[in-house]
Amino acid sequence: MGSVAGIPAELTSFVGRGTEFQDAASALKSERLVTLTGPGGVGKSRLAVRLARAPGPGFPDGVTYVSLAELGDPALLAGTVAGALELADQSARPQLEVLLEGLRTRRLLLVLDNCEHLIDACAELVDAVVRHCPSVVVLATSRQSLQLAGELVLVVPPMPVPDPGVTSPDLTRVDAVRLFTDRAAAVLPSFRITEANAADVARLCRQLDGLPLALELAAVRLRALSLRQIIERLDERYALLTARGPRFGPDRHETLRALIDWSHELCCEQEQLLWARVSVFADGFDLDAAEAVCTGNGIPAEHTLTLIEGLLDKSILLRQERHGVVWYRLLETIRQYGHEKLAATGESGRIRHRHRDWYLELTSRCQRAWLGPDQLRWSQRLHREHANLRTALDYCCENPDDAVLGMLMALQIKEFWLIRALTTEGRRHLGKLLQAARPDAPGRALALLTCAYLALIQGDRPAYERTLADAVAAAEREDNTSARAYILLVRGYDALITNHMAEAADHFARSAALQRTLGDLSGELWARFNHGATTAISGHPDHGRRILTGCIAEYTTRGEIFWRSWALWSLGAVEYLTGNLDSALTACRETLRFEQQVQDSSIVAFVLTVTAGIAARDGHHRRAARLFGAATSMWAAIGVSPARYAAFTGPINHDTATVVDALGTDTTTAEFTDGRAMPPQTAIQLALADEPAGISRRTPARTPLTKREIQVAELVAHGLTNRQIADTLHITPRTAGAHLDHIMTKLAVNNRVQIAAWITDTTHTQ
């Protein structure tokens with residue numbers, strides 16, 4: 001089976017559900033869309049997790065599990081699913097199109113959990129997947145069906161309960177009893193079913209209608225009450241549920257509600273407050289967040305941990321670890337109940353405001369620390385907090401004053417959007433904030449400029465030009481020098497992409513100088529390494545290298561990784577384009593080693609392309625073909641083409657032609673296809689590995705020359721002039737002449753004829 005992604009950990013044992021599991025597993029072998037439906041608390045998600053963990057051999061590309069409970073904006077659905085599938089598309093294409101293209105050839109199980117609050121958007125997405133991706137099977141969970149053609153709806157019922165009169169030995173074969181007993185033993189290790197308590201266990205399971213969540217909540221009560229006391233108190237509670245009275249009994253929704261109500265009443269007042277307030281978090285929180293957002297007005301900060309422990313004991317909160325940090329979350333049914341209680345307190349606005357303030361402070365701290373040794377940890381933290389960041393940004397869109405703070409928050413995490421390929425989401429958030437803010441809102445220029453930059457790297461030129469013009473106008477209105485510096489930087493990127501290198505170098509140099517006067521080190525280094533790259537490519541390689549190596553040294557001293565990877569990649573690109581293949585390969589490999597931590601797909605695509613070109617020029621033609629295939633796959637995944645960067649078009653076309661000439665069309669196609677099928681990590685390992693044996697190439701034996709000097713010598717042997725050598729290798733005539741001088745010195749020869757004779761005498765085919 002292939003990889004699995006996103007499947008939640010099972011924090012407790014899986015009990016029962018044998019029939020439901022077998023029915024669903026069988027359905028997944030023959031149906032394209034299976035939806036598990038049922039009321040909240042019935043165990044749909046838990047069954048889906050178990051199915052995802054044991055999907056059978058029919059899914060060679062594995063399983064991807066996407067929890068949608070914390071997603072509030074239907075417009076982000078396709079992008080969220082694509083992100084879970086690691087489809088890191090950075091183009092301006094609709095995210096649904098990206099998703100369908102990425103899934104079209106895959107054979108996998110896609111699990112979408114908690115669809116009910118996004119039912120229309122989920123139905124549209126699933127319908128498209130089923131229609132256009134013939135080998136993808138979708139398993140959805142929802143309180144209602146998606147109502148799609150071909151959908152097989154499996155109702156997840158409550159667990160079977162004992163019939164009246166069932167005796168003790170037979171009780172343990174009943175799923176509801178087994179679940180209650182398992183959870184009761186976790187609370188009270190001495191708990192067993194005996195002749196004395198068997199009737200009470202059976203009665204309780206019937207009373208709770210076999211609802212798993214209700215059974216689990218009831219088991220927690222055993223810390224303080226006997227079984228008989230639990231049953232008596234539930235009887236009293238049910239008598240008050242409806243005007244019908246206990247004769248008819250509550251329906252299953254009311255049964256679960258009664259248990260949650262009871263759990264709530266058994267909490268002390270401070271625990272009740274905390275339960276309501278933590279419901280503001282999407283997808284969970286840590287202790288620091290709870291202390292910052294939920295304390296005050298009845299909850300002293302120093303009591304927070306004790307109150308959390310109380311809610312853990314009562315099974316209101318669940319505990320897990322993420323990247324070494326203890327993380328707390330509420331089951332969705334419990335969180336919705338907390339939302340109701342929060343609204344009833346009249347505190348919703350205040351707590352949401354504090355939630356926003358906490359994440360504004362978090363992103364501010366991230367920005368201050370970003371150029372330091374904790375950058376990777378901050379990137380992981382932002383990823384962990386992604387759902388909460390979305391919630392905070394959405395809150396900021398509700399009034400103009402908060403929109404200003406939202407724009408600030410968005411700017412502070414722009415690098416996170418770039419690393420995680422969330423360019424479309426970033427543009428959406430900024431667009432909503434700009435729409436909510438007043439036309440003269442402070443910070444508008446930088447927000448517009450970030451939008452323009454994201455549009456540029458996505459290839460959305462009309463949006464880029466329109467938004468950049470708005471940013472320039474806003475910068476003048478604000479008299480914003482920082483915005484002017486970043487305008488120069490963005491215009492430098494535009495010139496770089498369109499291969500106007502001298503113009504790009506000028507923009508980057510002016511931006512770096514302006515950033516320096518403002519004390520914006522991050523902006524200065526960002527502009528400086530691009531200045532170095534464009535300076536080198538525009539005909540001043542030595543000066544460009546000095547700038548780049550200076551930036552790399554600065555990043556290294558600070559322990560920064562993200563921009564150092566881009567600067568290293570830029571150095572590798574410069575060395576490749578100027579013909580220094582050994583230096584280019586060294587820089588590219590160092591970049592890839594960083595990228596195994598950073599995981600920025602854009603850099604990997606660039607580096608694989610250049611590494612392929614290096615292999616082609618070194619005569620490792622099969623390796624080159626495979627790397628070109630792997631690079632093409634990465635470019636397709638991010639929705640961009642290297643052809644957008646005009647400086648690379650000629651060299652890459654030349655190197656590709658070299659490979660085809662050496663191997664022939666059929667062999668090249670076969671190697672390219674193998675490379676394109678490689679997973680990203682396999683492709684990275686290929687690029688990092690030394691050339692394996694068995695790949696044909698021509699090389700002089702026992703040569704004192706470098707690889708580049710061998711190439712120059714071979715071209716001399718073919719009668720090429722310095723100008724022709726320079727054109728062939730994409731180097732300057734001056735560099736070709738320098739290589740020629742080195743060759744003559746090393747070989748102790750005086751002219752081209754002697755170089756040609758040496759090549760003829762010493763080369764052989766391995």
Side-chain angles (χ1 to χ4, degrees), residues 70-73 76 80 83 274 277-296 299 301 304-305 308 317 319-330 335 348-398 401-420 422 425-426 428-430 432-433 443 446-447 450 520-522 558-563 598:
E70 73 280 359
L71 184 65
D73 187 348
L76 298 178
T80 297
L274 186 62
R277 291 173 184 177
V278 297
S279 70
V280 76
F281 291 102
D283 196 33
F285 58 95
D286 60 18
L287 177 60
D288 289 343
E291 289 177 336
V293 175
C294 301
T295 58
I299 299 181
T304 309
L305 181 57
I308 285 175
L317 285 178
R319 177 194 185 278
Q320 60 190 106
E321 289 195 21
R322 296 186 178 184
H323 300 294
V325 175
V326 175
W327 191 254
Y328 309 103
R329 68 181 182 88
L330 298 161
R335 190 165 77 95
S348 290
R350 186 180 72 85
I351 297 300
R352 291 181 69 210
H353 185 92
R354 294 188 68 174
H355 178 275
R356 190 280 316 281
D357 286 349
W358 168 250
Y359 285 100
L360 178 60
E361 172 59 23
L362 183 76
T363 58
S364 297
R365 285 191 284 133
C366 174
Q367 185 186 47
R368 291 193 296 270
W370 188 254
L371 284 182
D374 290 333
Q375 187 182 76
L376 187 60
R377 183 179 65 83
W378 274 108
S379 177
Q380 292 170 340
R381 181 162 188 181
L382 293 180
H383 182 60
R384 185 170 72 241
E385 297 277 18
H386 189 191
N388 280 311
L389 290 169
R390 282 173 169 168
T391 298
L393 288 169
D394 284 342
Y395 173 79
C396 290
C397 293
E398 295 182 8
D401 292 334
D402 286 324
V404 173
L405 298 176
M407 289 190 292
L408 177 60
M409 186 188 305
L411 295 177
Q412 290 167 342
I413 59 172
K414 62 181 181 299
E415 285 91 351
F416 168 70
W417 285 337
L418 294 173
I419 291 173
R420 298 288 175 175
L422 296 169
E425 179 171 331
R428 178 170 178 77
H429 281 306
L430 282 166
K432 290 168 62 178
L433 290 163
L446 283 170
T450 304
D520 186 344
L521 180 62
S522 178
R558 294 179 175 277
E560 196 274 350
I561 294 178
F562 173 62
W563 286 121
V598 179

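This structure is a prediction, so every number in the text was calculated from the model and none was measured.
With values rounded to the nearest 0.5 angstrom, Ser279 atom OG is found 9.0 Å from Ile351 atom CD1. Expressed to the nearest 0.5 Å, how far CZ of Arg381 lies from CG of Leu376 amounts to 14.5 Å. Annotation: the span from Glu398 atom CD to Tyr395 atom OH amounts to 7.0 Å, rounded to 0.5 Å. How far CZ of Phe281 is from CZ of Arg335: 11.5 Å, rounded to the nearest 0.5 Å. Taking CD of Gln367 as the reference point, atom CE of Met409 lies at 12.0 Å (rounded to 0.5 Å).
Not counting sequence neighbours, the partners of Tyr359 by the ring-ring contact (aromatic ring centres under 6.0 Å, His included) test are His355. In this view, Asp288 satisfies the salt bridge (Lys or Arg N to Asp or Glu O under 4.0 Å) rule with no residue, not counting sequence neighbours. In this view, Leu382 and Cys366, Leu389, Ile413, Phe416 satisfy the side-chain contact (heavy atoms from CB on, under 4.5 Å) rule, not counting sequence neighbours.
For the 3.5 Å distance criterion, the side chains of His386 and Glu70 fail to qualify, holding no donor opposite an acceptor. Side-chain contact check for Thr363 and Arg368: no donor-acceptor pair (N or O, by modelled atom type) lies under 3.5 Å.
In this structure, the side chains of Phe562 and Leu371 stay at 4.5 Å or more apart for every pair of heavy atoms. Residues Thr450 and Leu411 have side chains in contact (heavy-atom distance under 4.5 Å, counting atoms from C-beta outward). Inter-residue side-chain proximity for Arg558 and Leu521 is flagged as met; some heavy-atom pair is nearer than 4.5 Å.
The backbone N or O of Ala292 lies less than 3.5 Å from a partner atom in the side chain of Arg354, making a donor-acceptor pair. Of the possible donor and acceptor atoms, none in the side chain of Trp378 sits under 3.5 Å from a partner among the backbone N and O of Gly372. Put simply, the side chain of Asn388 gets close to the backbone of Ala282: a donor and an acceptor are under 3.5 Å apart. Listed for the Asp286 side chain is a donor-acceptor partner under 3.5 Å among the backbone atoms of Ala289. A donor-acceptor pair is defined here as one N or O able to donate and one able to accept, closer than 3.5 Å; no such pair exists between the side chain of Glu361 and the backbone of Ser364. Proximity of a side-chain donor or acceptor of Arg329 to a complementary backbone N or O of Gly284 within less than 3.5 Å is not detected. Side chain of Ser379 to main chain of Gln375: no donor-acceptor pair is present (N/O by atom type, distance under 3.5 Å, no hydrogens or angles).
Between Asp394 and Lys432 a salt bridge is recorded (basic side-chain N to carboxylate O distance below 4.0 Å).
Annotation: cation-pi pair Arg365/Trp358 present, NZ/CZ under 6.0 Å from the ring centroid and within 45° of its normal.
Screening Arg384, Glu321, Arg319 for a side chain to side chain contact (heavy atoms under 4.5 Å, CB included) with Trp327, the sole residue that qualifies is Arg384. When each of Arg428, His429, Arg390 is paired with Asp73, the side-chain hydrogen bond (donor to acceptor under 3.5 Å, both in side chains) condition holds for Arg428 and for no other.
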query: Stepwise, does the salt bridge (Lys or Arg N to Asp or Glu O under 4.0 Å) test hold for Asp402 with Arg356?
result: CA-CA 9 Å; Asp402 286 324; Arg356 190 280 316 281; 2.6 Å; yes
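Closest heavy-atom contact between Thr304 and Ala290: CG2-CB, 4.0 Å.
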